[in-house]
Amino acid sequence: EELDWVILAEKDVSEAFAPLVYLRNSTFIMGIVGILVLAAVAIFISKGITSPIRRLVAHAHNIANGNLHEEIRVKSKDEIGSLASSFDTMRIELGKSFKNIETRERQQAAISELGLRALEDPDINTLLNEAVSITALALGVEYCKILELLPDGKALLLMAGVGWKEGCVGHATVDTGTNSQAGYTLISDKPVIVDDMRTEKRFSAPSLLVDHGVVSGMSIIIKGKDRPFGVMGVHTTRKRTFTRDDANFLLSVSNVIADAIERKRLSAHIDHVARYDILTDLPNRILFIDRVTRAVSHAKREKEQIAVLYL
């Protein structure tokens with residue numbers, strides 16, 4: 001049987017909408033947090049991109065200012081890291097190029113200095129001693145030597161050198177032929193470069209080099225008019241590969257020495273022809289007058305008496 005009843009329930013509005021308000025507030029808070037997280041991530045990513053770029057730009061400025069010694073430390077594995085690696089390779093190669101240029105300039109200055117000294121017409125022994133000192137300094141080696149080919153052609157005498165033990169210069173000799181690097185140089189008639197004497201197969205290492213612990217070296221012939229004057233060589237106790245430019249420098253030095261020796265020889269020959277008879281090779285009138293003039297001058301200066309004997 002039907003009843004005409006109505007059930008009415010009353011609820012507070014805030015209570016009724018509380019779930020919706022909670023959902024709204026939670027969504028808002030989560031949105032704010034999400035935005036902050038995204039902002040933080042964006043800042044982190046942007047710093048990860050811009051920081052290496054800023055360091056790379058700073059290194060580029062250093063390179064432009066000539067500072068080639070500071071390593072570019074950007075270790076990322078992305079495109080920026082590859083770019084940084086390329087920059088560092090460029091820095092290293094530029095450093096090598098500048099060093100080579102400085103070396104060539106130093107060598108050219110050394111050749112010019114030696115050439116000027118040769119034109120001053122010094123004593124040959126003086127020129128040889130200056131040549132070995134200048135060459136050793138220009139090439140950065142411990143040992144430099146000039147060997148003169150002895151008259152019998154079987155050995156070479158150490159005429160001038162730097163770095164060698166006391167008593168070697170003027171006394172030490174090395175054999176010609178394949179018994180020494182210098183002897184092999186006379187045979188080959190071209191620059192001989194030794195990267196490692198311990199593994200050299202073309203010739204034997206002479207005791208002069210073995211006793212001084214020589215590892216690498218380079219030698220070249222000093223030419224003469226009728227036969228070679230000798231050999232010039234540079235040596236070091238560390239393993240080193242001498243370049244074509246180094247060989248050209250040593251060749252230039254040897255040419256300066258050869259020209260100076262030839263000028264001395266021609267000068268001595270001209271002087272001899274001027275003072276000695278061509279047919280008899282006896283002193284001529286010019287030499288006689290010269291010697292008498294000197295004797296008279298000396299006698300006047302020392303207040304002495306002189307006599308001349310004619311035969």
Leu149-Leu250 co-clustered via ILVMFWY side chain contacts under 4.5 Å: no
Do Leu128 and Leu139 sit in one hydrophobic cluster, given that two such residues count as connected whenever their side-chain heavy atoms are within less than 4.5 Å of each other, even indirectly? yes
Salt bridge (charged side-chain N to carboxylate O under 4.0 Å, His left out) contacts touching [range] (sequence neighbours left out):
| range | value |
| --- | --- |
| residues 200-210 | Glu200-Arg202 |
| residues 204-216 | none |
| residues 131-151 | Glu142-Arg238 |

Please enumerate all residues that pass ring-ring contact (aromatic ring centres under 6.0 Å, His included) together with Phe203, with sequence neighbours excluded. Tyr184
List for me each residue that meets side-chain contact (heavy atoms from CB on, under 4.5 Å) alongside [X], sequence neighbours excluded, and say none if there are none.
| X | answer |
| --- | --- |
| Asn179 | Asp175 |
| Val296 | Val292, Lys300, Ile306 |
| Glu302 | His298, Glu304 |

Let me check something: any side-chain donor-acceptor pairs from residues 215-223 under 3.5 Å, sequence neighbours excluded? List them with distances.
from	atom 1	to	atom 2	distance (Å)
Ser216	OG	Asp195	O	2.4
Ser216	OG	Arg240	N	2.9
Ser216	OG	Arg240	O	3.2
Ser219	OG	Gln181	NE2	3.1
Ser219	OG	Thr185	OG1	2.6

Linking Ile, Leu, Val, Met, Phe, Trp and Tyr through side-chain heavy atoms less than 4.5 Å apart, which residues share a cluster with Phe28? Ile32, Leu36
For Lys154, the salt bridge (Lys or Arg N to Asp or Glu O under 4.0 Å) test, sequence neighbours excluded, returns none
Taken in chain and number order and not counting sequence neighbours, the residues that satisfy salt bridge (Lys or Arg N to Asp or Glu O under 4.0 Å) with Arg301 are none
Looking only at heavy atoms, what is the nearest atom pair of Leu156 and Gly230, with distance? CD2-CA, 4.2 Å
Is there any side-chain hydrogen bond (donor to acceptor under 3.5 Å, both in side chains) pair reaching into residues 252-262, and which pairs are they, with sequence neighbours excluded? Glu262-Arg265
Got a second to check how far Thr241's OG1 is from Lys239's NZ, nearest 0.5 Å? 5.5 Å
